[in-house]
A.B. asks: 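Before I ask anything, here is the structure I am working with.
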Protein chains: 2
Amino acid sequence: MNDTEVKATAAGMAAAPTAPLRIGIAGLGTVGGGVLRLLRDNAALIAARAGRRIEIAAVSARDRTRDRGVSLEGVRWHENAGALAEDRDVDAVVELIGGAGDPAFSLVMRSLEGGRAVVTANKALLAQHGAAIAETAERYGAPIAFEAAVAGGIPVIKALREGLAANRIRRVAGILNGTCNYILTAMHERGREFGEVLSEAQRLGYAEADPSFDIDGIDAAHKLAILAALAFGRPVRFADVHVEGIRHVSALDIAFARELGYRVKLLGIAHRSAAGIESRVHPCLVPEHASLARVDGVNNAVVAEGDFVGRVMFEGRGAGAGPTASAVVADLIDLARGRHVPVWGASASALSAVPSVPMTDYVGTYYLRLMVLDRPGVIADVAGALRDSGVSLASMLQHGRAPGDAVPVVLVTHETREAQMRAALVAIERLESVLERPSLIRIEFA
Amino acid sequence: MNDTEVKATAAGMAAAPTAPLRIGIAGLGTVGGGVLRLLRDNAALIAARAGRRIEIAAVSARDRTRDRGVSLEGVRWHENAGALAEDRDVDAVVELIGGAGDPAFSLVMRSLEGGRAVVTANKALLAQHGAAIAETAERYGAPIAFEAAVAGGIPVIKALREGLAANRIRRVAGILNGTCNYILTAMHERGREFGEVLSEAQRLGYAEADPSFDIDGIDAAHKLAILAALAFGRPVRFADVHVEGIRHVSALDIAFARELGYRVKLLGIAHRSAAGIESRVHPCLVPEHASLARVDGVNNAVVAEGDFVGRVMFEGRGAGAGPTASAVVADLIDLARGRHVPVWGASASALSAVPSVPMTDYVGTYYLRLMVLDRPGVIADVAGALRDSGVSLASMLQHGRAPGDAVPVVLVTHETREAQMRAALVAIERLESVLERPSLIRIEFA
């Protein structure tokens, strides 16, 4: 009986189990340290919300001697992270190693195969092996939670998978990488070039020594692949995400964007149309009055558009020890209370098989900035190349004159198919009077 | 065993029950109609997310003949809403009648007493009877969910109670009433007076014929009382919320606010300090660069500040059939999956008994606008009254001159205790050269 089921579970809620939830943490870097501190600092509050204590039973980390500011006395150390998957006194494994490969991948898979709950912050792992992980979790009846994998402390996975679960989502879009948003914000505020701002971000600790994972859009693409799977109830398909980073955004483009009433943002966007699901990460011109245009510095934000709820936005810190630990421990509280959700929101058999739309079929408006020789006929040549590819111009902007010298020209198109835009670009690059590689930025939320 | 528990529940998740969740809906007005349409339009998607079908078994509404655009053939009608509490073929009662009194109150209590799950959108009921409801739900092991009670479709209750559950919350603040935000936004954009904009809002359906519940801040106070209970893990205390509405906000104040770099917003704010919890609803001056200042029109938004997560903001439509139905059905999906949360986030015995701070102990900065006779010595008199109550002035603004006539003067204070500010106001109102009741607006997020 249905009625009895609801009652039984609810009774379980009222009389919560008093045995602690015993966890094993793999990886004690920045995030792991944050989780240790949060579990210690807010222990009483967490126990009240979880209905029982959350106890660190075991850990595994590379460096046993490092001071993490929290005593680990009485906690079992495993030399190999993999041993946590076999530890019978661990109820839930917290994977904070990172990376799509081993040891993270095998730790997660072996934990699930043993029917052990998993909490992870690992977006690369979920983006690349999400289908296998979901299948394994379902087969072995083991829950896996990953709120920390997207947008740090903002509970956007919970919002999409539970809070907006009744909606058909049309679009989910977000600022998913704090490093890129910091750099673009600084470029806007100070008119400086990408390279300078990147160096500064590295000095301040907002960018890694090897920043390519962030600035080339890979990190945002991992997160977008996860969001798209949740929003559209489809197995994760990272390979189908079109990815461009922000290396080629210049101070000149930022200045033109401002003049036209836009801000340049790196967005991850997944959109459902009749043809399927389009997912892409690239710099965008966003009108300055749009909500996402206002999200500055290292903040992240996600916008979701549902058929009944309308447009909802979530904003906050997307990285760092505190926000990420907040998400990891929220997942642990859910586990302790017995609140589980299928990995992509529905069981594998109920997921959708809707196809991906290739980027060449994308339709939108474009900002195109060229450096051309200032001489008669250049604009006619460029306009001709656009016309020959079926691209229609909405506006053109050129400041100042420098006869015989290089000048920037900005063109904004009407709605155009990506394939046509690319064909036009090839033709434009061949023009003798076009001096540099054109800068192309798609316009969103206009 | 712990481990077994986690596994057992997770297995329950994988092999979700196939029997439908049978619901009984009380109240088929705007929101009820939205719930009917949502359950019909997105039935397949909802079943996939819920792991089983959600079936409307019974309804109760005043008007049986009204066309709600959805067939109710085969659905049992109860003349009395109360009968839903006794219907043995109903697993969950959806209360959409509204109002803190009967029939809503007794329907909810009797349903819970029968161990029946309840979903409600009724903020007045929860704000005024939240303690009794929580106690009953816990005693009878019956879950109650109320995502739709605050901020419509924005899953802010889920975010506070689950997503941010590991955090000690310092402050929660929000734009909680779309009618007030619509009116204040229109006053800002068009420089018009409150009364004119209210009439327009009534014509457009954004304000009720009797608007006092909204514009006097009661509705926002109900929602704030609920948010405060969730944020601080304390039983709801509606009577402790200080409430002021927006009737007295004038076009002149809006104009001065703009000039000073602020926007006027009706905020609900709950703040935890060493002395206890302060909760209040009143018009505020918010710096125009603050996130909440940008939330315009009928939108709602909630900001929460946690010790680990930092500041998080949620924004979206706070009312209307679609957004509210989205929240109600999300609650039903949680119920269908067996995901329950104690009413205020922890069991009654684990709730905090931290006291409320009276409004007279509030400390903040104030905007004070006077209409004074333009003659020598007036400012000296006003400044003297402030000094005598220990209120320190930060700035003063007066435009133009009209010797012997009325002119507005704006004063901004340094941090001041409310009791002192009130004493100063009494003295200022007694001054012969002060011609109208002073306008006092607190400054927030500065």
Side-chain angles (χ1 to χ4, degrees), chain A residues 2-3 5-7 9-11 13-14 17 19 21-22 38 42 45-46 48-49 91-92 115 117 138 141-143 153-155 158-159 162-168 233 294 306 308-317 322-323 325-326 329-330 333-335 338-340 342 345-347 350, chain B residues 2-3 5-7 9-11 13-14 17 19 21-22 38 42 45-46 48-49 91-92 115 117 138 141-143 153-155 158-159 162-168 233 294 306 308-317 322-323 325-326 329-330 333-335 338-340 342 345-347 350:
Chain A
N2 232 325
D3 194 33
E5 267 163 26
V6 170
K7 280 190 213 170
T9 330
M13 164 195 88
L21 179 76
R22 300 162 306 171
L38 175 49
N42 291 355
L45 177 151
I46 290 165
R49 299 253 164 93
D91 302 314
E138 195 167 321
I154 317 169
K158 186 174 275 285
E162 302 167 42
L164 308 182
N167 289 269
R168 193 168 301 276
R294 311 271 192 199
F308 277 71
V309 77
R311 186 182 290 180
V312 184
M313 184 167 106
F314 311 95
E315 181 182 351
R317 287 292 299 276
S326 168
V329 179
I333 291 172
D334 275 351
L335 278 182
R339 292 191 293 260
H340 306 308
S347 64
Chain B
N2 232 324
D3 195 34
E5 268 162 25
V6 170
K7 279 188 209 170
T9 330
M13 165 193 88
L21 179 76
R22 298 162 308 170
L38 175 48
N42 290 355
L45 176 152
I46 291 165
R49 300 253 163 94
D91 303 314
E138 195 166 321
I154 317 168
K158 187 174 274 286
E162 304 167 40
L164 309 182
N167 289 267
R168 193 168 302 275
R294 312 271 192 199
F308 276 72
V309 76
R311 185 181 291 180
V312 185
M313 184 168 106
F314 311 94
E315 181 183 351
R317 285 291 299 275
S326 169
V329 178
I333 292 172
D334 275 351
L335 278 183
R339 292 191 294 258
H340 305 309
S347 64

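Within every chain, numbering begins at 1; the chains are lettered A, B, ... in the order of the sequence lines, protein sequences first and strands thereafter.
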A.B. asks: Could you tell me which portion of B:Ile333 (side chain, backbone, both or neither) has an atom closer than 4.5 angstrom to a non-hydrogen atom of chain A?
C.D. replies: side chain

A.B. asks: Okay, side chain of A:Arg317, backbone of A:Pro323: is any donor-acceptor separation there less than 3.5 Å?
C.D. replies: no

A.B. asks: Please rank B:Leu45, B:Val329, B:Leu164, B:Ile154 by heavy-atom pairs under 4.5 Å with chain A and give me the top one.
C.D. replies: B:Leu45

A.B. asks: For A:Leu38, which atoms come within 4.5 Å of any heavy atom of chain B: side chain, backbone, both, or neither?
C.D. replies: both

A.B. asks: Quick one: what part of A:Arg294 sits under 4.5 Å from any heavy atom of chain B, side chain, backbone, both or neither?
C.D. replies: side chain

A.B. asks: For chain A, find which of B:Gly310, B:Ala330, B:Gly153, B:Gly163 contributes the most heavy-atom pairs closer than 4.5 angstrom.
C.D. replies: B:Gly163

A.B. asks: Using a 4.5 Å cut-off on heavy atoms from C-beta on, say whether the side chain of B:Phe308 contacts that of A:Asn42.
C.D. replies: yes

A.B. asks: Should B:Glu138 and B:Ser347 count as side-chain neighbours, where that means a heavy-atom distance under 4.5 Å?
C.D. replies: yes

A.B. asks: Heavy-atom pairs under 4.5 Å with chain A: which of B:Gly306, B:Gly316, B:Gly322, B:Ala350 has the most?
C.D. replies: B:Gly322

A.B. asks: Which heavy-atom pair separates B:Pro155 from A:Val312 by the least distance, and what is that distance?
C.D. replies: CD-CG1, 4.5 Å

A.B. asks: Most heavy-atom pairs under 4.5 angstrom with chain A, which of B:Ala166, B:Gly345, B:Ala159?
C.D. replies: B:Ala166

A.B. asks: When only pairs under 4.5 Å are counted, which of B:Ala346, B:Ala165, B:Ala48 shares the most heavy-atom pairs with chain A?
C.D. replies: B:Ala165

A.B. asks: Between A:Arg339 and B:His340, which heavy-atom pair has the shortest distance, and what is it?
C.D. replies: NH1-O, 3.1 Å

A.B. asks: Can you tell which part of A:Asp334 gets under 4.5 Å to a heavy atom of chain B, answering side chain, backbone, both or neither?
C.D. replies: side chain

